[in-house]
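Down below is the structure, laid out as structure tokens.
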Amino acid sequence: QVQLVESGGGLVQAGGSLRLSCAASGRTLSTFVMGWFRQAPGKEREFVAAIRRSSAVTYYVDSVKGRFIVSRDNAKNTVYLQMNSLKPEDTAVYYCAAAVTGVTPRKDVEYDYWGQGTQVTVSS
């Protein structure tokens with residue numbers, strides 16, 4: 001069993017930055033593909049970014065490419081999402097998730113464990 005806890009959300013003005021963290025307990029994160037998803041009010045959950053075990057391969061939704069960076073520190077059992085040049089449309093609850101296999105990391109059904117989420121609000 002893995003417990004995931006997100007932190008780092010908050011209120012920021014458009015153009016600002018936030019760094020989300022996802023800390024794991026129960027098992028080492030190095031065995032998982034890690035993903036970030038978000039859900040805005042009234043919308044379906046959306047893939048944001050993912051990172052494979054070795055950190056050599058990352059994935060992003062087109063709307064965040066060039067602005068967000070996903071990274072992991074397996075020694076600290078933590079995954080990060082650096083969010084720059086934030087826009088009001090980035091406002092959502094952000095979730096981290098862990099996948100045992102992660103064959104298709106853009107799909108939420110691939111993920112076995114989920115955090116509770118952290119709110120990110122970007123004001124215009």
Side-chain angles (χ1 to χ4, degrees):
Q1 194 75 344
V2 175
Q3 291 77 44
L4 302 174
V5 178
E6 302 95 336
S7 62
L11 174 63
V12 64
Q13 288 188 333
S17 298
L18 285 173
R19 188 177 81 156
L20 305 184
S21 299
C22 173
S25 60
R27 284 177 62 180
T28 177
L29 275 187
S30 63
T31 62
F32 297 97
V33 172
M34 298 300 298
W36 287 95
F37 291 78
R38 65 186 179 187
Q39 187 166 21
K43 294 188 177 181
E44 293 187 353
R45 186 165 57 193
E46 175 190 34
F47 168 78
V48 177
I51 184 167
R52 290 211 173 270
R53 297 170 185 82
S54 68
S55 301
V57 181
T58 56
Y59 307 84
Y60 298 94
V61 67
D62 285 348
S63 60
V64 308
K65 282 182 181 177
R67 299 189 297 123
F68 290 12
I69 301 171
V70 60
S71 63
R72 63 194 300 162
D73 186 336
N74 288 335
K76 294 184 178 180
N77 234 26
T78 302
V79 177
Y80 305 97
L81 185 67
Q82 177 67 43
M83 304 186 297
N84 302 318
S85 302
L86 282 161
K87 304 175 181 180
E89 51 264 42
D90 294 319
T91 295
V93 177
Y94 283 70
Y95 300 90
C96 73
V100 174
T101 56
V103 174
T104 52
R106 297 175 185 272
K107 296 183 180 296
D108 58 1
V109 295
E110 285 281 323
Y111 292 83
D112 303 283
Y113 304 99
W114 291 82
Q116 293 300 306
T118 184
Q119 176 70 48
V120 171
T121 303
V122 184
S123 63
S124 57

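Numbering starts at 1 and runs along the sequence shown.
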If you measure from [atom1] on [X] to [atom2] on [Y], what distance do you get to the nearest 0.5 Å?
| X | Y | atom1 | atom2 | result |
| --- | --- | --- | --- | --- |
| Asp108 | Phe47 | CG | CZ | 10.5 Å |
| Asp90 | Ser63 | CG | OG | 7.0 Å |
| Gln119 | Arg38 | CD | CZ | 12.0 Å |

Side chain to side chain contact (heavy atoms under 4.5 Å, CB included), that's the test. Do Met34 and Arg52 meet it? Break it down for me. CA-CA 7 Å; Met34 298 300 298; Arg52 290 211 173 270; over 6 Å; no
Counting C-beta onward and ignoring hydrogens, is there a side-chain heavy-atom pair between [X] and [Y] closer than 4.5 Å?
| X | Y | value |
| --- | --- | --- |
| Glu44 | Glu46 | no |
| Tyr94 | Met83 | yes |
| Phe68 | Asn84 | no |
| Leu18 | Val120 | yes |
| Val48 | Leu81 | yes |

Closest heavy-atom pair and its distance - [X], [Y]:
| X | Y | answer |
| --- | --- | --- |
| Ala14 | Ser124 | CB-CA, 4.4 Å |
| Ser85 | Ser17 | N-OG, 4.3 Å |
| Ala40 | Ala92 | N-CB, 3.8 Å |
| Ala24 | Leu4 | CB-CD2, 3.7 Å |

For the pair [X] (side chain) and [Y] (backbone), establish whether a donor and an acceptor sit closer than 3.5 Å, ignoring hydrogens and angles.
| X | Y | result |
| --- | --- | --- |
| Arg72 | Leu29 | yes |
| Asn77 | Arg27 | yes |
| Ser54 | Ala56 | yes |
| Thr78 | Lys76 | yes |
| Arg53 | Thr31 | yes |
| Tyr60 | Val70 | yes |

For residues 5-13, which side-chain N or O atoms pair as donor and acceptor with protein atoms under 3.5 Å away, sequence neighbours left out?
| unit_1 | atom_1 | unit_2 | atom_2 | d |
| --- | --- | --- | --- | --- |
| Glu6 | OE1 | Gln116 | N | 3.1 |
| Glu6 | OE1 | Gly117 | N | 2.8 |
| Glu6 | OE2 | Cys96 | N | 2.9 |
| Glu6 | OE2 | Gly117 | N | 3.2 |

Begin with the C-alpha distance, continue with both residues' side-chain angles, and end with the deciding distance and a verdict on side chain to side chain contact (heavy atoms under 4.5 Å, CB included) for Trp36 and Ile51. CA-CA 9 Å; Trp36 287 95; Ile51 184 167; over 6 Å; no
Looking at Lys65 and Asp62, is there a salt bridge between them, counting it only when a charged N and a carboxylate O are closer than 4.0 Å?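 Yes, charged N to carboxylate O under 4.0 Å.
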Side chain to side chain contact (heavy atoms under 4.5 Å, CB included) assessment of Val93 paired with Thr118: CA-CA 5 Å; Val93 177; Thr118 184; 6.0 Å; no
Tell me, with the steps shown, if Thr91 and Glu89 meet side chain to side chain donor-acceptor pair (under 3.5 Å). CA-CA 5 Å; Thr91 295; Glu89 51 264 42; over 6 Å; no
In terms of the angle between their ring planes, are Phe32 and Tyr113 parallel, tilted or perpendicular, with boundaries placed at 30° and 60°?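 Perpendicular: the ring planes of Phe32 and Tyr113 meet at over 60°.
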With a cut-off of under 6.0 Å to the ring centre and 45° to the axis, is Arg19 in cation-pi contact with Tyr80?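 Arg19 over Tyr80 ring: yes.
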Can we call the ring centroids of Tyr111 and Phe37 under 6.0 Å apart?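 Between Tyr111 and Phe37, the centre distance is under 6.0 Å.
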